[in-house]
Amino acid sequence: IELYNPGSTAVNLTNWYIQRKTQTGSDFSSLVSKTYFENKTIEAKGYFLISREALPDADIVLENLTLTEANSIQLKNSNGAVVDKLGWGAASDCEGACSSSMLENQSIQRKYENNTFVDTDNNSADFEIQTCPSSKARIKSCAAASTDQALGAFFVFSPAEPKINEEIIFNAASSTG
């Protein structure tokens with residue numbers, strides 16, 4: 001799972017968390033708890049990687065991090081508000097229609113058009129399958145991508161420069177698995 005900060009200031013992730021809902025699940029359950037985000041930040045114009053493998057650029061490593069071909073994940077802020085959600089495949093809880101499901105060595109990535117990430121609150125319209133997943137970088141050419149990448153989801157947030165007590169909206173951008 002990957003987060004991205006397009007702003008010009010770092011964002012403190014203390015008390016943020018990520019939840020998952022399986023295709024047959026009735027409720028969301030913890031995927032990445034608040035404990036792991038304690039005293040963590042996303043640097044300005046930076047990436048934050050959560051991996052199930054000890055990759056050199058991983059900010060959090062969770063060996064039991066598991067996503068399947070039909071899941072929903074949601075990012076919640078320190079107040080417990082859902083700031084973004086991504087569902088794929090035959091997931092039961094998506095923003096609008098679900099995004100397509102990916103295969104091995106593929107990812108779901110938020111579309112990038114006109115120098116901005118697309119977010120219409122419809123997972124099917126906002127995401128596309130990538131055949132060259134790459135952590136901590138927006139790949140423009142699959143030829144430049146490595147095939148040995150971490151399981152991931154990519155989030156972009158707004159406003160670009162949040163103020164204290166201002167709600168931050170995260171947009172999921174890719175998942176690999």
| Stepwise side chain to side chain contact (heavy atoms under 4.5 Å, CB included) check, Leu31 with Leu62 | CA-CA 9 Å; Leu31 182 63; Leu62 293 172; over 6 Å; no
Would you give the length of the straight line joining atom [atom1] of [X] to atom [atom2] of [Y], rounded to the nearest 0.5 angstrom?
{"X": "Glu95", "Y": "Phe127", "atom1": "CD", "atom2": "CZ", "answer": "7.5 Å"}
{"X": "Asp119", "Y": "Asp126", "atom1": "CG", "atom2": "CG", "answer": "5.0 Å"}
{"X": "Trp88", "Y": "Ser100", "atom1": "CH2", "atom2": "OG", "answer": "12.5 Å"}
{"X": "Ser78", "Y": "Phe37", "atom1": "OG", "atom2": "CZ", "answer": "12.0 Å"}
{"X": "Ile1", "Y": "Ile18", "atom1": "CD1", "atom2": "CD1", "answer": "4.5 Å"}

Using the test side-chain hydrogen bond (donor to acceptor under 3.5 Å, both in side chains), find all partners of [X] that sit at least two apart in sequence or belong to another chain.
{"X": "Ser124", "result": "none"}
{"X": "Thr68", "result": "Asn71"}
{"X": "Thr41", "result": "Glu43"}

| query | Under the disulfide bond (SG atoms under 2.5 Å apart) rule, what pairs show up with a residue in residues 67-105, not counting sequence neighbours? | reply |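 Qualifying pairs: Cys94-Cys98.
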Given the rule that I, L, V, M, F, W and Y join up when any side-chain heavy atoms are under 4.5 Å apart, are [X] and [Y] in one cluster?
{"X": "Ile129", "Y": "Leu67", "answer": "yes"}
{"X": "Met102", "Y": "Leu65", "answer": "yes"}
{"X": "Val61", "Y": "Phe48", "answer": "no"}
{"X": "Phe28", "Y": "Trp16", "answer": "no"}

Any side-chain to backbone donor/acceptor pair from [X] onto [Y]? Under 3.5 Å, distance only.
{"X": "Asp59", "Y": "Ile50", "value": "no"}
{"X": "Lys111", "Y": "Ala125", "value": "yes"}
{"X": "Ser107", "Y": "Gln109", "value": "no"}
{"X": "Asp84", "Y": "Leu75", "value": "no"}
{"X": "Asn123", "Y": "Gly96", "value": "no"}
{"X": "Asn77", "Y": "Asn79", "value": "yes"}

| task | Please report the closest heavy-atom contact between Gly87 and Ser72, naming both atoms and the distance. | result |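 Of all heavy-atom pairs spanning Gly87 and Ser72, the closest is CA-OG, 3.8 Å.
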| Applying salt bridge (Lys or Arg N to Asp or Glu O under 4.0 Å), which residue pairs with at least one partner in residues 60-75 are found, sequence neighbours left out? |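 Pairs touching residues 60-75 that pass the test: none.
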| query | Which pairs count as side-chain hydrogen bond (donor to acceptor under 3.5 Å, both in side chains) when at least one residue sits in residues 19-36, sequence neighbours excluded? | reply |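 Listed by first then second residue: Gln19-Gln74, Gln19-Lys76, Lys21-Asp93.
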| Taking it one step at a time, do Asn12 and Thr14 satisfy side chain to side chain donor-acceptor pair (under 3.5 Å)? | CA-CA 6 Å; Asn12 183 344; Thr14 298; 2.8 Å; yes
